[in-house]
There are 2 protein chains.
Amino acid sequence: MPDFEHIFRPIRGRRSFEEVAVSIKELVFDGVLQVGDRLPSEIQLAKQFNVGRQTIREALRLLELSGFITIQRGGGGGATIKNTILSRISDLFLDAFRMGMVPIEELTQARLEIEKVVLHYAIQNADGEDLRLLQENVDRARKKIKKNIRATEENFEFHTLLARASKNRIFVIVVESIMAIHGNYISRVGFDLEVSRNVVTFHEAILKAIKRKQRKRAVDLFTEHMLDVRDRLQSLVEQENSERRFSGDRAGILP
Amino acid sequence: MPDFEHIFRPIRGRRSFEEVAVSIKELVFDGVLQVGDRLPSEIQLAKQFNVGRQTIREALRLLELSGFITIQRGGGGGATIKNTILSRISDLFLDAFRMGMVPIEELTQARLEIEKVVLHYAIQNADGEDLRLLQENVDRARKKIKKNIRATEENFEFHTLLARASKNRIFVIVVESIMAIHGNYISRVGFDLEVSRNVVTFHEAILKAIKRKQRKRAVDLFTEHMLDVRDRLQSLVEQENSERRFSGDRAGILP
DNA sequence: TCACATTTGTCCGTATGTATC
DNA sequence: AGATACATACGGACAAATGTG
């Protein structure tokens, strides 16, 4: 494929803040700048790149939103090289969902299918450390449940740990993104203690099957688990929709 | 799950350009602003939000990078509401790949597994329009090949069309993101006419199997196709690596 | 073709808030 | 508490791009 990215670029001449951002990005790609390194202050950067501070500010904004740097205010602050790209991807997925680009049913369906694949690879590739982390996770969750506390965080983490165990980072990104949306959704509608207990029980059974390399049993359990979650989500969605149906519509444009 | 997003927010008080960006985002989510609508000029916005123009500019930068608006310079230009979130997600995936966060093998593996699922759903859900577009795609590709022209664009489009036919938008996002990386990679190393011809032949066979609802044959063909692509990519990667191994390392920091 | 108006892009100076020492 | 360093934000100005008459 011809490199459209580069061939078609000059249609709109790059803005200088983009030039600045790209050259800093290149330094990160090339390893000259590494995570933890601090960039000079805005004024310094403006001098070195021979541009105004506004240009530098917009370049930093671009890098910040692309997950390359974080910025701290105050003395000794400034821009620090970080890698929060994955977090940014999740943010955008969340936006896409909020834009109504992805209905909840498709989200759950995709999650089920992708996690089934993940489970397959996890059974194949999980090492001792992965199994230890998963076991620790369900133990912590069970302990909370016994104290009548919902183990929501642990229950989410279980899926992340599973994705990690698959040893494929694309799966980790995708699973985390989808779960960020699910998590955001559930945080709005709320799951109760009973559901949380149920989820933990499923997770314990799934982990046991993984350890015994019982592939079919693990997948069956997982499918049942996800369909259960789907149904609960579905009813919550319908409930929320019917509640919102008659709440007056808002008016007014830009303050 | 407690809503960390909102609970932990005030750790770092929101900056005003973020406030501005969020309130415009809300207007888009609520449908008050729709795709195609144009925002007032920066100066107008500054007046209406009662902030400086610099603040507005950084807010617009945020919206632009989040895929909510595009910006044109010059008379009659300005910010227009668009939806390019998916394109932004692909960009970030590309960055993640360039950061070395995802080796090419994991990428190809994930693509194979996810596209297998996609294929499954496509056979189940593809309607007449989907099949027409796919047929048109392979016809165009075959025509090019006969003229000894590589059908690279068509060959990429085939996978996008397949994802669309699955009727699940998450699959579309994921497939397009992964293919953006593959495409970028292939554009650097280059596939020749022979490979392109081979790919088209595979696509024709796969489409035929889809039309006949021969699920197993379609999956088998697809797997063979992807493994073929994987091997070709793999050898190209090794070739490029060995070439780069002795190219001098660059020096110098910030111009 | 040529001005003209509009709008973004960029720069500078200055003031304020905030975190560190 | 005070000094320092830095991002944040404001206002004014000019340059560059782009569509319009």
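So that the names make sense, note that chain A is the first sequence line, chain B the second, and so on, each numbered from 1.
Residue contacts shown for Glu42(A) include a base, since a base heavy atom lies under 4.0 Å away. Within the nucleic acid shown, Gly74(B) comes within 4.0 Å of at least one base atom, counting heavy atoms only. Within the 4.0 angstrom heavy-atom criterion, no nucleotide atom of any strand lies near Arg38(A). Residue contacts shown for Gly75(B) include a base, since a base heavy atom lies under 4.0 Å away.
The phosphate of dC10(D) (OP1 or OP2) has a side-chain N or O of Thr55(B) nearer than 4.0 angstrom. Between dT8(D) and Ser16(B), no contact under 4.0 Å exists linking OP1 or OP2 to a side-chain N or O. Close to dT18(D), at under 4.0 Å from its OP1 or OP2, lies no side-chain N or O of Arg73(B). Phosphate contact (OP1/OP2 of dG9(C), side-chain N/O of Arg57(B), threshold under 4.0 Å): present.
Here dA15(D) presents its P atom at 21 Å from CZ of Phe17(A), a figure rounded to the nearest Å. The nearest whole Å value for the distance from the CD atom in Gln54(B) to the P atom in dA13(D) is 17 Å. One atom, NZ of Lys47(B), and another, C1' of dG12(D), lie 14 Å apart when rounded to the nearest Å. Rounded to whole Å, atom C1' of dT8(D) lies 12 Å from atom CD of Glu64(A). In this structure, Gln72(A) places its CD atom 18 Å from P of dA5(D), rounding to the nearest Å. The CG-C1' distance, from Leu45(B) to dT8(C), rounds to 12 Å in whole Å. The CD1-P distance, from Ile43(B) to dG9(C), rounds to 13 Å in whole Å. Atom pair Glu58(A):CD and dC11(C):C1' shows a separation of 12 Å (rounding to whole Å applied).
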Between protein and nucleotides 14-16 of chain C, what N or O pairs are separated by less than 3.5 Å?
unit_1, atom_1, unit_2, atom_2, d
dT14(C), O4, Arg53(A), NH2, 2.7

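Among pairs with a residue in residues 75-95 of chain A, none fulfils ring-ring contact (aromatic ring centres under 6.0 Å, His included), at least two apart in sequence or across chains.
A salt bridge links Arg169(B) with Glu106(A); the closest basic N to acidic carboxylate O contact falls under 4.0 Å. Using a cutoff of 4.0 Å between basic side-chain nitrogens and carboxylate oxygens, Arg140(B) and Glu157(B) are scored as salt-bridged. With salt bridges taken as basic N to acidic carboxylate O contacts below 4.0 Å, one links Glu26(A) and Arg98(B).
For Phe17(A) and Phe49(A), the ring centers sit 6.0 Å or farther from each other.
Closest non-hydrogen pair, Gln48(A) versus Pro40(A), comes out as OE1-CG, 3.8 Å.
Applying the 6.0 Å contact sphere to CD1 of Ile43(A) captures no more than 12 heavy atoms from other residues, nucleotides or ligands. Atom CG of Asp127(B) is surrounded by more than 12 heavy atoms from other residues, nucleotides or ligands within 6.0 Å.
You'll find that the side chain of Val51(A) is closest to dC11(C), out of dC11(C), dG9(C), dT8(D).
If you find the closest nucleotide of DNA chain C to Gly77(A) and to Gly78(B), the one lying nearer the 5' end belongs to Gly78(B).
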